[in-house]
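Contents: one structure, followed by commentary.
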Protein chains: 2
Amino acid sequence: MARKRFDDSSCSVARALNEVGDWWSLLIVLQAMYGTRRFVDFQQELGIARNILGDRLNRLVDNDVLRKVDVGEHGPRFEYRLTDKGRDLFPVVIALRQWGDRYNPCPDQPSLDLRDRRTGQPIRQLEVLDADGNPVSVRDVMVPEDSEKQEPGATRRA
Amino acid sequence: MARKRFDDSSCSVARALNEVGDWWSLLIVLQAMYGTRRFVDFQQELGIARNILGDRLNRLVDNDVLRKVDVGEHGPRFEYRLTDKGRDLFPVVIALRQWGDRYNPCPDQPSLDLRDRRTGQPIRQLEVLDADGNPVSVRDVMVPEDSEKQEPGATRRA
DNA sequence: CCAATAGAGTTGCATAACGAAACCAGATTA
DNA sequence: TAATCTGGTTTCGTTATGCAACTCTATTGG
């Protein structure tokens with residue numbers, strides 16, 4: 001049977017995964033953040049099969065994560081560029097990178113050292129904060145009583 | 001052919017996706033964060049097929065994201081609980097949730113209102129910050145010259 | 001004591017998704 | 001005119017996924 005989809009799920013995480021939750025989509029977005037824009041470049045840098053790449057690019061364009069731009073002055077040339085929506089996946093990518101660096105560091109290479117281009121400062125560890133700036137862990141989180149109709153089980157431990 | 005794997009990829013994002021990058025794993029982790037612990041509960045709350053659930057749970061246990069605990073006082077009873085590694089996926093989940101809330105809000109329901117249990121404060125939007133606390137966007141990021149051997153294309157735009 | 005029920009899976013089968021390589025088509029270069 | 005480049009689509013065989021049915025242990029009800 002087909003993969004299950006979550007377009008109509010009440011859970012926004014599920015809906016997000018619907019768009020970028022497969023094996024390749026987030027890696028394509030990541031590659032786009034590195035500056036890759038053309039079909040062949042995605043194909044070579046990711047080592048993805050071309051049919052899959054075509055399918056994923058189309059889907060990302062459909063979902064407004066990428067924009068397909070015709071830059072063909074001589075011959076067919078297209079570029080896939082991040083939209084604002086795509087660019088806003090940055091925290092997701094960074095969160096995954098930091099998690100991967102922490103728990104699955106590459107044995108023979110140091111972690112990628114990302115820095116702010118202007119200040120030269122390294123990037124801080126992502127933290128979930130409350131409005132006052134206090135760090136919030138999984139266990140600290142709750143859903144107010146009068147708005148817990150969405151997620152099954154959300155009341156118990158949120 | 002089988003899905004491509006990235007165990008040995010130099011990219012920590014790819015390695016992270018290797019462990020939680022499929023359709024179900026992150027949703028299982030999310031559900032675990034809500035407090036779900038038993039096989040049947042995961043099955044019912046997620047609507048996942050039992051064989052797939054079994055496979056994913058095993059894989060998450062293998063990867064040390066979940067811990068399988070035998071709580072069988074009378075009859076076989078197991079619980080799948082988050083490890084520290086699993087709990088540290090919290091920022092990833094929150095980042096996805098905020099992205100989903102922003103770009104794919106549920107038409108008929110408000111977004112889940114997560115708050116700090118103690119302070120009652122809502123959770124702040126995740127931001128990527130540099131060491132000084134300045135927000136950093138995709139375009140601001142770079143990789144220092146002497147450490148850019150890891151990711152193809154990382155130099156151009158990081 | 002026997003039947004029914006629950007928890008935790010496993011097995012079998014059909015279908016959809018994936019991956020590799022071949023193929024196609026317009027435009028450019030040699 | 002042939003070879004090449006870009007951007008795909010097609011074909012085909014292998015996996016993965018999903019559903020339903022089945023297993024096995026243990027508890028509960030009568």
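Lettering of chains follows the sequences in order, A, B, ..., and the numbering in each one begins at 1.
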Does a donor on one side chain and an acceptor on the other come within less than 3.5 Å for B:D41 and B:T36?
-> no
Under 3.5 Å, which protein N or O atoms sit close to an N or O of nucleotides 4-6 of chain D? Give each pair with its distance.
from	atom 1	to	atom 2	distance (Å)
D:dT6	O3'	A:P76	O	3.4

Select base, sugar-phosphate, or nothing to describe what A:F42 touches, counting heavy atoms under 4.0 Å on all strands.
-> nothing
cation_pi(B:K68, B:F78) dist<6.0 Å, angle<=45 | yes
For A:P122, enumerate each residue passing the side chain to side chain contact (heavy atoms under 4.5 Å, CB included) test, keeping only those at least two apart in sequence or located in another chain.
-> A:D113, A:R115, B:A131
Candidate list A:I48, A:V20, A:D22, A:L46, test side chain to side chain contact (heavy atoms under 4.5 Å, CB included), partner A:L27, passing option = A:L46
Would you list the atom pairs, donor with acceptor, under 3.5 Å between side chains in residues 58-67 of chain A and any protein atom, with sequence neighbours excluded?
from	atom 1	to	atom 2	distance (Å)
A:N58	ND2	A:G54	O	3.2
A:R59	NH2	A:D55	OD2	3.1
A:N63	ND2	A:R59	O	3.4

Contact list for DNA chain C against residues 59-69 of chain A - heavy-atom distance below 4.0 Å | none
Any side-chain heavy-atom pair of B:V93 and B:M33 under 4.5 Å | yes
Ionic contact status for B:D84 with B:R87, cut-off 4.0 Å | yes
Carboxylate-amine/guanidinium proximity below 4.0 Å for A:R5 and A:E19 | no
Angle by which the axis turns from one end of the helix from C:dC1-D:dG30 to C:dA30-D:dT1 to the other, five pairs per end, to 10 degrees | 0°
Identify which nucleotide among D:dG7, C:dA20, C:dC18 has an atom closest to any side-chain atom of A:F39, counting heavy atoms from C-beta outward.
-> D:dG7
Return the 5'-most residue of the pair B:N58, A:I48 with respect to DNA chain C, ranking by each residue's nearest nucleotide.
-> B:N58
For A:R38, what residues pass the side-chain hydrogen bond (donor to acceptor under 3.5 Å, both in side chains) criterion, not counting sequence neighbours?
-> none
